[in-house]
Amino acid sequence: MREESVKLKSMETKLTDQQTQIPESKTSTPVTRPPLPPFTRETAIQKVRLAEDGWNSRDPEKVALAYTIDSRWRNRAEFPHGRPEIIQFLKRKWAKELDYRLIKELWAYDGNRIAVRFAYEWHDDSGHWYRSYGNENWEFNDDGLMALRFASINDLPILESDRKYHWPLGRRPDDHPGLSDLGL
């Protein structure tokens, strides 16, 4: 048992080191999506940041590759099932939520599950700004693809002057404060 645990730990480290080498082709699915479960604190934090980076790309096809072909979601009052529905959902989302910027933070993890809290800022086509707060529960398959995603989200209207996320669209810079640092 101990030998198996050491071997798994070694595999986690190797897969984690290889994470940035996974091709992000829009037409193919990686065989695995490291880091893989069971998660350690370090690999769970990595998985959360990778999810944040993907969503901040606002590329529905790229984001959908992180989910199983038959992934099941609950997002507010919508229940997408499978990658094609996830892609359509994300296209609608980012057509409505303009200048979207997201920060996720690890809340808890165990085995193949991760819980996160998040906040994102966006504006509608009338220029009204919002900060959306929420929690997500994720469950991954053995290949590191998310099979289940349950999200609860609330929107708070904010003034543009109350915004806290000012980085250029895309990946949050490494030196930008996280949720806890911002007091969110």
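In this chain, residues are counted from 1 in sequence order.
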Student: With a cut-off of 6.0 Å (strictly less than), are more than 12 heavy atoms of other residues, nucleotides or ligands near CZ of Arg117?
Tutor: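 Check passes, neighbour count above 12.
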Student: Using a strict threshold of under 4.0 Å (side-chain N to carboxylate O), is an ion pair present between Glu78 and Lys93?
Tutor: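 Here Lys93 does not pair with Glu78 in a salt bridge, since their nearest N and O are not under 4.0 Å apart.
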Student: Quick one: does Arg172's side chain have a donor or acceptor within less than 3.5 Å of a partner on Lys104's backbone?
Tutor: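 Such a contact is absent between Arg172 side chain and Lys104 backbone.
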Student: Might you point out which heavy atoms bring Thr68 and Leu145 nearest each other, and give the distance in Å?
Tutor: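 Nearest heavy atoms, Thr68 then Leu145: CG2-CB, 3.7 Å.
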Student: Looking only at atom types and distance, does a side-chain atom of Asn141 sit under 3.5 Å from a main-chain N or O of Asp143, one as donor and one as acceptor?
Tutor: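 Yes, Asn141 side chain to Asp143 backbone: donor-acceptor pair under 3.5 Å.
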Student: Search all heavy atoms of Met146 against all heavy atoms of Ser71 and return the closest pair with its distance.
Tutor: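 Reported closest heavy-atom pair: O-OG, 3.2 Å.
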Student: Would you find a donor on one side and an acceptor on the other, under 3.5 Å apart, between the side chain of Arg131 and the backbone of Asp162?
Tutor: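 Yes; judged by distance alone, with no hydrogens or angles, the pair exists.
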Student: With rounding to the nearest 0.5 angstrom, report the CG to OH distance, Leu156 to Tyr130.
Tutor: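 Those atoms lie 10.0 Å apart.
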Student: Quick one: does His81's side chain get under 4.5 Å of Phe79's, heavy atoms only?
Tutor: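 Not touching, per the 4.5 Å side-chain cut-off.
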Student: Minimum heavy-atom separation for Leu179 to Ala119, with atom names?
Tutor: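 Scanning both residues, the minimum pair turns out to be CD2-CB, 3.7 Å.
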Student: Can you get from Phe89 to Val63 by hopping between Ile, Leu, Val, Met, Phe, Trp and Tyr side chains that sit under 4.5 Å apart?
Tutor: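 Yes: a chain of side-chain contacts under 4.5 Å links Phe89 to Val63.
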Student: Would Lys91 and Ile87 count as a side chain to side chain contact (heavy atoms under 4.5 Å, CB included) here? Give the steps.
Tutor: CA-CA 6 Å; Lys91 285 180 179 180; Ile87 290 168; 3.7 Å; yes
Student: Backbone N or O of Ser152 within a donor-acceptor pair of the Asn135 side chain at under 3.5 Å?
Tutor: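 Looks like no, no N/O pair under 3.5 Å.
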Student: For a salt bridge (charged side-chain N to carboxylate O under 4.0 Å, His left out) check, start with the C-alpha distance between Arg74 and Glu136, then their side-chain angles and the critical distance, and finish with the verdict.
Tutor: CA-CA 9 Å; Arg74 185 196 75 224; Glu136 293 176 318; over 6 Å; no
Student: Would you say Tyr165 and Arg163 are linked by a side-chain donor-acceptor pair, where the criterion is simply a distance under 3.5 Å?
Tutor: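 No.
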Student: Taking side chain as C-beta onward, heavy atoms only, is Asn56 less than 4.5 Å from Tyr100?
Tutor: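 Answer yes - side chains close enough.
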Student: Are Trp138 and Ile45 co-members of a hydrophobic cluster defined by side-chain heavy atoms under 4.5 Å apart?
Tutor: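 Yes.
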Student: Is the centre of the Tyr120 ring less than 6.0 Å from the centre of the Trp55 ring?
Tutor: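 Distance test on ring centres: not under 6.0 Å, no.
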Student: I want to check something: taking the side chain as every heavy atom from C-beta on, are Trp129 and Asp99 in contact at a cut-off of under 4.5 Å?
Tutor: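 Result yes, sub-4.5 Å side-chain heavy-atom pair found.
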Student: Looking at Glu121 and Arg101, is there a salt bridge between them, counting it only when a charged N and a carboxylate O are closer than 4.0 Å?
Tutor: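 So Arg101 does not pair with Glu121 through a salt bridge.
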Student: Test side chain to side chain contact (heavy atoms under 4.5 Å, CB included) on Arg49 and Arg171; report intermediate values, then the result.
Tutor: CA-CA 10 Å; Arg49 181 59 193 244; Arg171 186 179 191 278; 3.0 Å; yes
Student: Please tell me if the side chains of Pro60 and Gln88 come closer than 4.5 Å, counting only heavy atoms from C-beta onward.
Tutor: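 Not in contact.
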Student: Kindly compute the distance separating CG (Asn112) from CG (Asp142), expressed to the nearest 0.5 Å.
Tutor: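 The distance works out to 7.5 Å.
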Student: Which heavy atom of Ser132 sits nearest a heavy atom of Arg76, and at what distance?
Tutor: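 Scanning both residues, the minimum pair turns out to be OG-NH2, 3.9 Å.
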Student: Nearest 0.5 Å please: distance from the OG atom of Ser57 over to the CH2 atom of Trp94.
Tutor: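 Interatomic distance, Ser57 OG to Trp94 CH2, rounded to 0.5 Å: 6.0 Å.
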Student: Would you say the side chain of Leu182 lies within less than 4.5 Å of the side chain of Ile103, judging by non-hydrogen atoms?
Tutor: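 Yes - at least one pair of side-chain heavy atoms lies under 4.5 Å apart.
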Student: Rounded to the nearest 0.5 Å, what separation is found between the NE2 atom of His123 and the CD atom of Glu160?
Tutor: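 Reported value, rounded in 0.5 Å steps: 8.0 Å.
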Student: Return the CZ to CG distance between Arg92 and Leu90, rounded to the nearest 0.5 Å.
Tutor: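 Between Arg92 CZ and Leu90 CG, I get 9.0 Å after rounding to 0.5 Å.
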Student: Not counting sequence neighbours, which residues clear salt bridge (charged side-chain N to carboxylate O under 4.0 Å, His left out) with Lys164? List them please.
Tutor: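 If we apply the salt bridge (charged side-chain N to carboxylate O under 4.0 Å, His left out) test to Lys164, skipping adjacent residues, there are no hits.
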Student: According to a 4.5 Å side-chain heavy-atom criterion applied to Ile, Leu, Val, Met, Phe, Trp and Tyr, with indirect links allowed, do Trp107 and Phe118 form part of one hydrophobic cluster?
Tutor: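 No.
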Student: If you round to the nearest 0.5 Å, how far is CD1 of Ile86 from CD of Glu61?
Tutor: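 Rounded to the nearest 0.5 Å, the CD-CD1 separation comes to 12.0 Å.
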Student: Checking Tyr109 against Thr43 for the side chain to side chain contact (heavy atoms under 4.5 Å, CB included) test, could you report, in this order, the C-alpha distance in whole Å, the side-chain angles of both residues, the deciding distance, and whether it holds?
Tutor: CA-CA 10 Å; Tyr109 66 95; Thr43 60; over 6 Å; no
Student: Does the side chain of Leu106 come within less than 4.5 Å of Arg41's, by heavy atoms?
Tutor: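 Side-chain contact under 4.5 Å: yes.
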Student: Establish, from distance only, whether the side-chain atoms of Asn75 and Arg149 form a donor-acceptor pair under 3.5 Å.
Tutor: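 Short answer, yes.
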Student: Would Leu50 and Arg33 count as a side chain to side chain contact (heavy atoms under 4.5 Å, CB included) if you check the C-alpha gap in whole Å, the side-chain angles of each, and the deciding distance to 0.1 Å?
Tutor: CA-CA 10 Å; Leu50 289 166; Arg33 190 82 171 198; over 6 Å; no
Student: Is there a donor-acceptor contact under 3.5 Å from the side chain of Lys47 to the main chain of Pro37?
Tutor: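 Not a single qualifying donor-acceptor pair exists.
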Student: State, yes or no, whether a side-chain contact exists between Thr40 and Pro35 at a heavy-atom distance under 4.5 Å.
Tutor: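 Not touching, per the 4.5 Å side-chain cut-off.
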Student: For the pair Glu139 (side chain) and Leu148 (backbone), establish whether a donor and an acceptor sit closer than 3.5 Å, ignoring hydrogens and angles.
Tutor: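 No: the side chain of Glu139 does not pair with the backbone of Leu148.
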Student: Report yes if some heavy atom in the side chain of Asp181 is under 4.5 Å from a heavy atom in the side chain of Glu105; otherwise report no.
Tutor: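 Sidechains of Glu105 and Asp181: no contact.
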Student: Can you confirm whether Asp124 is buried at CG, in the sense that more than 12 heavy atoms of other residues, nucleotides or ligands lie under 6.0 Å from that atom?
Tutor: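 Enclosed: over 12 neighbouring heavy atoms sit under 6.0 Å from CG of Asp124.
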